[in-house]
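Reminder, nothing fancy here: chain letters follow the sequence lines and each chain counts from 1.
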Amino acid sequence: MKFIHTGDIHLGCIPDRGTAWSQKRSTDIWRTLENIIHAANTQNAGLVLICGDLFHRQPLMKELKEVNHIFASAKPVQVVITAGNHDYMIPGSSYYNFNWSDNVHFLRSKTMDTIELPELNTVIHGFSYYTGELTGSDADSILSNLSCPCDGKKHILMLHGGDANHLPFDYNTLKRIGFDYIALGHIHKPLLYKNLPMAFCGSPEPLDRTERGFHGYILVTLDDDKTKFNRQFIPVSKASYISCKIETTSDTTVTSLRSTVLRIISEKGKHNIYSLTLIGKRSGELHITLKDISDLGNIIELTDESTPDYDIDSLLEKHKYDLIDKYIRAFINDSDISQLDDIQKNALYYGLDALLDSTDEKGGARK
Amino acid sequence: MIIKDIHITGFGRISNKSFTFGPGINLICGHNEAGKSTLHSFIFHMLYGLNRARGRNSRFDDYAKYCPWDYPDSFGGSVRIVVNNVPYLIERSFNASNKSLTITNEITGKVIHNDEKYLNKLIGGISENAFSSTLCISQLGANSSDDLADLLKKKFLNLGATSSFNIDAPRAVKTLTDKKKELAAGIDDEALTSYYKNVESIETVTRELNSLRLPPSEPAPAIPKQGEDLFRENEQLKNATSSITSEYEQLKSELKNEGFESISDITALETLHNNLWSVSLAPDNTQSVSASAFKDRLKPLTLKRNTITKSDILHGSIFSFFVVISIILFALSMPFLGVIALLAALIAGFFTVASFFSEFDNITRFMNNGEHYDIPDVYASEGNSLHNKTAGANSLSNNNPSNKAMDKDTAKKLSLLYKKHLRQAEVSSKNRKLFINYLNYIKENFNKLEDLKKSIEDNNNRISTNQNLLLALNNNNLDSAKQCWTTDNLLLKLDSLEEEKTKLELSIQENNKIKKEIEAIELAISTIKEVSAGMHAEYAPEVNKEVSAIFNTITRRNCGELLISEKMDIILTDSNRAIPIEALSQGTIEQIYFSLRLAAANMILEECSLPLMLDEVFAMYDNPRLAQTLKYISSEHKGQTFIFSCQNRERLIAEKLEIPFTSIKL
């Protein structure tokens, strides 16, 4: 039996709000879900498991209709969903009154529930969230009631959680229960346990700058005799968050930096989203902000870790015993400049700039 | 550094003049307006250049003051200095139109053009400000002690005990303060307030979402189908009920026509009938009469009442036949035969009437024979027409011989009952049974009526229930739609609030970033101030000591100390007295500031060999203090000294004290 294990789709999420590409990313998430469901057909998978957080928040009725249409279009593929900690069952949730397509099975019980798919000789176990967090006795009652019947059918467990506030479970305990496969959700980074039929599928689309790396779904094959399983992680995301460090020098200018950034974006792909960090030395007068390069592509952040090219040792030598000497030593007496925090470091450079500008000494005085 | 000689091409009122100086003290004497200050300024500007001030200041600056009126092109000159035994010729043209600087190494012949930094390095790296603040004391422009004090205070502050002397801490602080203001202008002050409001709104909407009515524990996906079924069933029930109601109404009407409104009427009648019979001895062995016998009674009963005999029909038919025949015969112009037919019709008519009257007679006879019966008038007229001929008075006497024992009143009542309900007045066992069956039949109909009524009620209840269910289902659907609409609206509102929140968070992040920058700037400002103050604290005791030592030397005092505050307030302490500088004589004040300058130069410019240039500095000194001062300069100052004076006092004292000097007469 082949099936697709996915989850944490987060439909309705608008990644990187306030940026030029956020709406496109929001649409990307829908298209990626379509692609996954379409892949179920092309890969001959009879089942799609969506382990919670299908939606980023409570779904709108029109969103449910849209997603239902996508699922219905995959018939005869069966789709099993649960509500996660983001789209948990609130009292007024549209989940309650929605009539799903007959190939969609919503495990909406607060406690562990099952759905049997006779045509696949498979039973899916799962539950839905009714609160944003799941800890304490509620979590314990779910975990303590996990059991896998020996009835010749395939039993698949769907769980959403794994961290301290969302169904904290022990992987060793889970693997001993004997499910033929444990489909995990909630952690957005995919994680496939070695030699164990257990995996976090991760979110198919990265949702913020912290979610770097590959994102996709897992295609699982279970043998009929339940002795073997095979799984394959298939990247599917339409964009990735990429982090790059750019080394600056004393000669770096805004224009030269823009050229470098443009080259990086061209090489790695314009559709991706970039977090750039400037390192190294730079001219004291050069202050580059995100606004200077934001038109070059999807740049979510620019961190300036470069330092003004002041030669502190030379300054100390030149200004022995004077105010500048005393000023520098007020910050880095017997310590290295790298030990200063950001504010101290900035204060040092701001003060040096001002003191040197107050003298007749220009540019070269800084070195 | 030694200034060997100078040549003035044109500077103020001096032109084409050369002067040669000695290595120690150089006494330059001349009367007023001889050019002592001009020479003092020339040397200073040869070392540091002379730039034209801008704007209004240019009218009174040194450029305007010393630029030759007649030959401005000659504005400049040369100075020969020896640094580390290497002579350098420094030539300058101050004229703004052809300003130049040439430095020539007179040993190597290397010429450097217009490199002020090179020259500054050559003379020890001492800035213009530092030189003019310490060693280069010009003729006092201000006569008041306050101005003098202010001037020196400012100069010493600027000094700041720094070696470069041109670091301007207040200017640096001002620059930073301006930067801080510029950054602060970029802070969105409303962002945080708006953010809190936004968060509050989000909480409100979230609460509203959470307070939405709990939906049923299980959804009702088949609701539309159930509704359809219910609707169809209700329509069928309504049709059925309508039919049953018609039947019910008809039966009820017929029973009412029989005189029965309710089952209690039957019970009462049955009781009456039984009571009437209980007073008689009538045996209850009459044959059963089928209830079906009454079926026709109720549809309608009147048909039975109009029953006629066969002989009546025969006689009537013969009568009618002969009447028709006679009419036909008369019509065929056969009067004779017509008359015969008419006679036959009359005979047949006679028999018909005779038969009727014969029947009437029988009834009369029945009534007359039954002497126990008293039929009231009200029934008498009816009795003729309604009487059933099959139940005649003879049969009463045959079938119920014991009736004779029944009293007349009871029999009369029974007769009335039977006549009313059976249309037969005869009181007989047969009629009794017939009446009992009649009552049973009516009871059955009442039961049927009850059944119909119950069916109607059941149907109506079911219709009502179904209607309620349909209403509930509609309400449920409506509720669901309303709830969905409410939820979606709240979610969209939440979305919009979340978007606003993100923007505000970005603003707050930007604000925090700016605040961190401001924090860094504030730290820089406070550090500069602290370091400046710290430097004063660090240098103050040493400065006080150095100044006091020089001051005590030139004033020949053995005790007392000068205390100089951070703000350059100077106090002279002497034998437990503290005297502010303003309370001292002008000469003492000048000696204090002279001591201060030399102390600063000694402390900061240890390796400096720039000349000490004193333009009319000792005018207020008395001879002993002047002598002490000259002795101090001669023994302590390592470089050259240029003393510009309009008097011979300095020369005479130097000669008297045998202090070597070079005299230059202007």
Side-chain angles (χ1 to χ4, degrees), chain A residues 12 14 16-19 22 55-64 89-100 106 108-109 289 318-331 341-361 364-365, chain B residues 127-129 160-176 179 208-216 219-221 480-481 483-488 490-492 494-495 498-499 502-503 506 516-517 519-528 530-532 534-535 538 604:
Chain A
I14 304 175
D16 305 332
R17 272 184 196 270
T19 61
S22 61
F55 288 93
H56 186 61
R57 39 106 181 102
Q58 286 305 309
L60 302 175
M61 184 53 83
K62 65 175 182 181
E63 291 173 329
L64 283 174
M89 307 288 290
I90 64 164
S93 175
S94 299
Y95 270 143
Y96 283 103
N97 296 315
F98 191 73
N99 290 318
W100 290 98
F106 186 11
R108 47 168 277 189
S109 172
T289 64
K318 187 171 183 180
H319 293 272
K320 212 169 183 178
Y321 307 127
D322 74 3
L323 189 62
I324 289 176
D325 171 278
K326 299 284 178 189
Y327 183 78
I328 294 170
R329 289 186 191 284
F331 286 96
D341 63 29
D342 287 346
I343 290 177
Q344 289 171 326
K345 216 180 278 181
N346 283 340
L348 172 63
Y349 294 131
Y350 269 122
L352 278 179
D353 258 349
L355 288 170
L356 291 169
D357 280 348
S358 79
T359 70
D360 295 331
E361 300 175 54
Chain B
S127 70
E128 183 180 348
N129 283 344
T162 63
S163 59
S164 66
F165 290 88
N166 52 7
I167 295 173
D168 190 341
R171 187 174 153 196
V173 168
K174 187 177 180 308
T175 304
L176 288 171
K179 177 76 180 168
E208 277 180 57
L209 265 174
N210 288 331
S211 68
L212 288 176
R213 184 172 57 83
L214 262 172
S480 297
Q483 184 167 313
C484 180
W485 184 82
T486 309
T487 307
D488 280 9
L490 287 170
L491 287 170
L492 288 170
L494 202 60
D495 250 8
E498 290 285 357
E499 188 161 355
T502 308
K503 283 179 187 169
L506 287 173
K516 279 190 176 175
E517 295 288 306
E519 203 178 330
I521 290 173
E522 284 173 343
L523 179 61
I525 291 171
S526 65
T527 306
I528 289 172
E530 276 173 29
V531 168
S532 299
M535 285 184 76
E538 189 181 325
I604 310 303

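- Neither the backbone nor the side chain of B:E530 comes within contact range of chain A, judged by heavy atoms closer than 4.5 Å.
- A distance of 7.5 Å separates CG of B:L176 from CG of A:L355, quoted to the nearest 0.5 Å.
- Using a 4.5 Å cut-off between heavy atoms, A:Q344 touches chain B through backbone and side chain atoms alike.
- Taken to the nearest 0.5 Å, the CG atom of B:D495 stands 5.5 Å off from the CD1 atom of A:I14.
- Both the backbone and the side chain of B:T527 come within contact range of chain A, judged by heavy atoms closer than 4.5 Å.
- The residues A:K62 and B:D488 are annotated as not salt-bridged, no charged nitrogen and carboxylate oxygen being separated by less than 4.0 angstrom.
- In this structure, A:L60 CG and B:L490 CG are separated by 11.0 Å, a value rounded to the nearest 0.5 Å.
- If you take CD on A:Q58 and CG on B:L494, they are separated by 10.0 Å, rounding to the nearest 0.5 Å.
- In this structure, the portion of B:K179 lying under 4.5 Å from any heavy atom of chain A is its side chain and not its backbone.
- Here the side chains of B:T487 and A:S93 are not in contact, with every heavy-atom distance at 4.5 Å or above.
- Looking only at heavy-atom pairs under 4.5 Å with chain A, the residue among B:E499, B:K516, B:K503 that has the most is B:E499.
- For the pair B:A524 and A:A347, the tightest heavy-atom approach, listed with the atom from each and the gap, is CB-O, 3.4 Å.
- In this structure, the portions of A:R17 lying under 4.5 Å from any heavy atom of chain B include both its backbone and its side chain.
- Proximity to chain A is absent for every atom of B:E522, based on heavy atoms less than 4.5 angstrom apart.
- A search for side-chain hydrogen bond (donor to acceptor under 3.5 Å, both in side chains) contacts involving A:D342 returns nothing, not counting sequence neighbours.
- Chain A forms the most heavy-atom pairs under 4.5 Å with one residue out of B:T175, B:L491, B:L492, and that residue is B:L491.
- Both the backbone and the side chain of B:I528 have a heavy atom closer than 4.5 Å to some heavy atom of chain A.
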Test log, rule side chain to side chain contact (heavy atoms under 4.5 Å, CB included), inputs A:F331 and B:L523: CA-CA 10 Å; A:F331 286 96; B:L523 179 61; 3.8 Å; yes
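- With chain A as partner, the option from B:P170, B:S526, B:A172 having the largest number of non-hydrogen pairs under 4.5 angstrom is B:A172.
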